[in-house]
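Working notes for the structure below.
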Protein chains: 2
Amino acid sequence: MSRTPVNPARFLSDLHALRAFGGDSATKGVRRRALSEADIAARDWLARRIAEAGLEPRFDALGNLFGLAEGRSLLIGSHSDTQPEGGWLDGALGVIAALEIARAARETGGPAISVANFQDEEGRFGALTGSSVWAGKLSMEDADKLVATDGTAFVAARAALGDRVCDAVDPGRFTGFLEMHIEQGPTLHMSGEAVGVVTGIVGLRQVQVTVRGQQNHAGTTPMAHRRDAFTVAARIATALPERFANIVTPQSVWTIGHIVLHPGASSVVPGRAEFSLQWRDIDSDRLDRMEAAIMGLLSDMAAETGCEVTPERLRHDLAPMPMDAGMQAALSQAAEAVAPGRWRAMPSGALHDASNLAALMPVGMLFVPSIGGISHDFAEDTDEADLVTGLQVLAEAAARLA
Amino acid sequence: MSRTPVNPARFLSDLHALRAFGGDSATKGVRRRALSEADIAARDWLARRIAEAGLEPRFDALGNLFGLAEGRSLLIGSHSDTQPEGGWLDGALGVIAALEIARAARETGGPAISVANFQDEEGRFGALTGSSVWAGKLSMEDADKLVATDGTAFVAARAALGDRVCDAVDPGRFTGFLEMHIEQGPTLHMSGEAVGVVTGIVGLRQVQVTVRGQQNHAGTTPMAHRRDAFTVAARIATALPERFANIVTPQSVWTIGHIVLHPGASSVVPGRAEFSLQWRDIDSDRLDRMEAAIMGLLSDMAAETGCEVTPERLRHDLAPMPMDAGMQAALSQAAEAVAPGRWRAMPSGALHDASNLAALMPVGMLFVPSIGGISHDFAEDTDEADLVTGLQVLAEAAARLA
């Protein structure tokens with residue numbers, strides 16, 4: 001089907017071999033937190049496979065592991081650390097696909113391709129820690145201050161790398177970056193398509209909303225005299241779809257994932273409600289229009305209910321990150337060549353290391369389906385046929401870019 | 001104005017004297033938890049005032065304190081324990097009013113009136129603990145198993161009563177029970193009326209509702225594919241007023257006072273929401289109809305959203321407790337005599353010791369206004385003129401009943 005020389009059986013075999021590091025015995029799931037024993041053992045195994053492929057394995061001080069081709073090269077990769085109870089594919093898929101493509105290219109005299117396996121993408125310590133430092137978005141000093149929820153400091157955890165650590169890798173030696181990842185959503189699985197060419201990584205904004213009403217006795221306070229903070233929060237949640245109706249697309253999302261009531265007792269009318277409201281879209285203007293609709297709703301609700309409604313905009317906004325046009329074109333042509341009519345262009349609703357690398361070089365991303373849209377869960381899975389199709393599309397795109 | 005011989009100045013003076021036990025220095029508020037040092041000291045002071053009035057002070061094993069007239073008598077009273085940060089009136093008002101009415105009756109050759117000061121009405125250990133045991137609704141063995149949130153067991157706390165404890169008081173010696181209390185709601189304060197004759201204590205029902213949807217990534221899961229447990233909870237809260245529209249009266253109330261989302265993170269679509277839903281009304285049939293409306297709404301929401309919506313009915317329902325018709329008539333006539341046109345009949349939205357005593361004897365209750373509807377707070381207060389009017393209405397009713 002494809003002109004690329006990759007070996008699907010060897011690719012799947014390596015993918016299953018990587019799963020053994022931190023693999024759950026009862027499921028396909030994996031526990032391989034960044035810089036845990038399982039994570040470092042997995043990276044040591046990968047370093048050996050990289051060396052066997054004739055590439056130079058190189059750990060940096062963060063535990064990012066590269067497999068370097070000589071001279072300038074195209075970088076392909078992702079991350080092999082997982083959530084506390086993660087899936088077997090997630091970032092591991094992109095790392096092993098990179099290994100196979102770089103190895104096959106080397107065996108067949110193909111283009112120079114290097115491999116990347118970033119550290120702590122899943123945020124045991126920070127979020128995308130390894131690629132953030134490598135891309136210059138986070139200083140090593142600030143990374144070293146990060147502390148995991150189990151109390152482990154990043155600086156202490158990375159000391160376990162010992163004499164593996166070599167000089168940092170210069171991003172200037174790479175011509176671009178490709179990342180393959182599972183979709184982590186249901187779109188490709190539901191449409192029956194094999195791959196998705198990512199147009200960009202969606203932006204994210206969040207407000208922390210505080211509703212201040214009047215705490216009261218739940219027996220003696222008539223409904224007409226209440227200023228019930230939860231009722232106001234519920235009305236805000238319920239009114240959002242209508243307020244967004246002429247603004248959003250089917251790919252816009254918003255979420256209230258956390259709420260706390262004060263005092264939080266079944267016999268007390270809540271005097272205060274605090275909740276998070278997060279929204280994501282690929283388009284900055286649309287993020288602005290959603291924000292204006294939210295602020296308008298909050299202020300209307302305050303006027304209507306007599307409650308004080310205070311939004312605090314969180315600082316860690318993420319701007320939408322478009323993928324490089326040339327990379328998208330190469331991936332689209334490759335997808336059409338390998339899986340004609342069985343692919344789509346789509347945004348990524350989740351963050352990826354590619355988002356950090358876009359500041360350094362042209363970046364492209366490819367998705368394969370997630371069965372049932374499930375990720376960050378032992379039950380995460382993808383048909384092996386789709387994994388192989390993804391490998392072949394990525395290899396074909398790499399060949400076109402080289 | 002009134003034919004009753006009570007002494008308003010002495011009544012107010014005693015009320016302020018009681019406030020000194022556990023009184024907050026900066027406000028009118030009081031900290032006098034059941035069986036604390038301040039509570040026992042206050043009861044010792046009251047026992048001396050009872051003896052000075054020529055009544056027999058009698059502690060029972062729970063710390064309930066009676067001031068007994070000879071022979072059969074009308075019992076008047078309430079409780080002097082408070083919330084952790086309570087108001088100065090609450091139950092103390094009813095205890096001191098009883099003292100003044102019993103004392104004045106004794107001085108002037110009036111009817112035989114006894115005084116009651118129940119223990120732990122405010123639920124440091126249980127809820128209405130003293131009157132519940134006295135009325136036979138709770139066994140002493142079960143009461144002794146109660147433990148306060150600070151770890152103190154009831155059985156250990158009541159040991160501090162030492163040799164104060166005498167034989168239990170036989171409820172059969174009383175012809176009825178009258179309780180005066182602050183309203184704890186805004187109705188009388190807003191209408192400008194001086195007293196409320198309580199028609200009954202509202203019933204209370206509660207369900208613990210669990211909504212089970214699908215936990216998902218808040219970036220990768222399109223809105224159309226979400227089963228967001230919080231969205232369903234918010235829609236339930238918002239739909240309740242319409243579902244209740246043809247069922248409730250202005251005195252029906254319902255409250256969602258507590259909600260927890262799982263996993264409760266701003267970047268995760270909530271897979272589960274658990275919330276309390278409590279409703280109260282004076283009429284059992286209306287409580288039934290409200291329950292049917294709630295169950296209909298929950299089941300419609302489950303059908304409409306594909307989420308599982310499970311109501312767990314809590315066992316500690318409280319049935320509405322009507323006040324005795326003769327007691328209501330005496331209080332109403334007394335109110336019209338003392339404060340013509342400035343009183344109303346009304347239900348009590350809060351629980352009181354009177355609710356327990358209704359199983360033993362005819363019971364009546366009288367409310368005075370709460371400024372701003374505030375209670376269980378240092379800021380709780382009532383105009384002294386209204387306190388005196390309440391005292392006079394209660395004394396007049398006692399005279400009519402004797």
Side-chain angles (χ1 to χ4, degrees), chain A residues 183-187 190 202 204 206 208 215-226 228 230-231 233-239 241 248 250-261 263-270 275-278 280 314 348-351 370 373-377, chain B residues 183-187 190 202 204 206 208 215-226 228 230-231 233-239 241 248 250-261 263-270 275-278 280 314 348-351 370 373-377:
Chain A
E183 181 198 334
Q184 302 182 276
T187 305
M190 295 190 64
V202 301
L204 179 159
Q206 189 171 321
Q208 185 70 16
Q215 180 177 324
N216 276 125
H217 190 295
T220 58
T221 315
M223 300 309 285
H225 296 114
R226 293 186 179 195
D228 178 330
F230 177 64
T231 298
R235 288 179 60 187
I236 290 167
T238 308
V248 297
Q251 284 153 350
S252 313
V253 295
W254 61 94
T255 306
I256 294 176
H258 183 251
I259 186 167
V260 175
L261 306 185
S266 52
S267 286
V268 183
V269 178
F275 62 89
S276 63
L277 171 54
Q278 183 187 90
R280 306 193 196 203
L314 299 196
S348 169
L351 265 182
S370 293
I374 297 168
S375 73
H376 292 177
D377 191 295
Chain B
E183 179 197 336
Q184 303 183 278
T187 303
M190 293 189 65
V202 301
L204 178 159
Q206 189 171 322
Q208 185 70 14
Q215 180 178 325
N216 275 126
H217 190 295
T220 59
T221 314
M223 299 310 285
H225 295 113
R226 294 187 178 194
D228 178 330
F230 178 65
T231 298
R235 287 180 60 187
I236 290 168
T238 309
V248 297
Q251 284 154 350
S252 313
V253 294
W254 61 95
T255 307
I256 294 176
H258 183 250
I259 185 167
V260 175
L261 307 185
S266 52
S267 286
V268 183
V269 178
F275 62 90
S276 63
L277 171 54
Q278 185 187 89
R280 308 193 195 202
L314 298 195
S348 169
L351 264 182
S370 293
I374 296 168
S375 73
H376 291 175
D377 192 294

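Lettering of chains follows the sequences in order, A, B, ..., and the numbering in each one begins at 1.
The candidate from B:A350, B:A237, B:S348 with the greatest count of non-hydrogen atom pairs under 4.5 Å with chain A is B:A350. Looking only at heavy-atom pairs under 4.5 Å with chain B, the residue among A:A233, A:P241, A:S267, A:A224 that has the most is A:S267. Among B:P263, B:S266, B:G185, the residue with the largest count of heavy-atom pairs under 4.5 Å with chain A is B:S266. Put simply, of B:L277, B:I259, B:I374, B:V202, the one with the most heavy-atom pairs under 4.5 Å next to chain A is B:I259.
To the nearest 0.5 Å, atom OG of residue A:S375 and atom NE2 of residue B:H217 are 6.0 Å apart.
Side-chain contact between B:R226 and A:V253: present, with at least one pair of heavy atoms (C-beta onward) separated by less than 4.5 Å. By the 4.5 Å heavy-atom criterion applied to side chains, B:V268 and A:H376 are not counted as neighbours.
B:I256 touches chain A through backbone and side chain together, each having a heavy atom under 4.5 Å away. Contacts between A:R280 and chain B at a heavy-atom distance below 4.5 Å involve the side chain alone, from C-beta outward. In this structure, chain B has a heavy atom under 4.5 Å from the backbone of A:P250, while its side chain stays farther away.
Smallest separation of non-hydrogen atoms from B:G264 and A:H258: O-CD2, 3.1 Å. Across all non-hydrogen atoms, the minimal contact from A:G257 to B:P270 is CA-CG, 3.9 Å. The two residues A:T255 and B:A218 have their closest heavy-atom pair at OG1-CB, 3.4 Å.
Under the 3.5 Å distance criterion, the side-chain polar atoms of B:T220 are matched with a main-chain donor or acceptor of A:Q184.
Taking A:V248 as the reference, A:F244, A:S252, A:W254, A:M290 meet the side chain to side chain contact (heavy atoms under 4.5 Å, CB included) condition, with sequence neighbours excluded.
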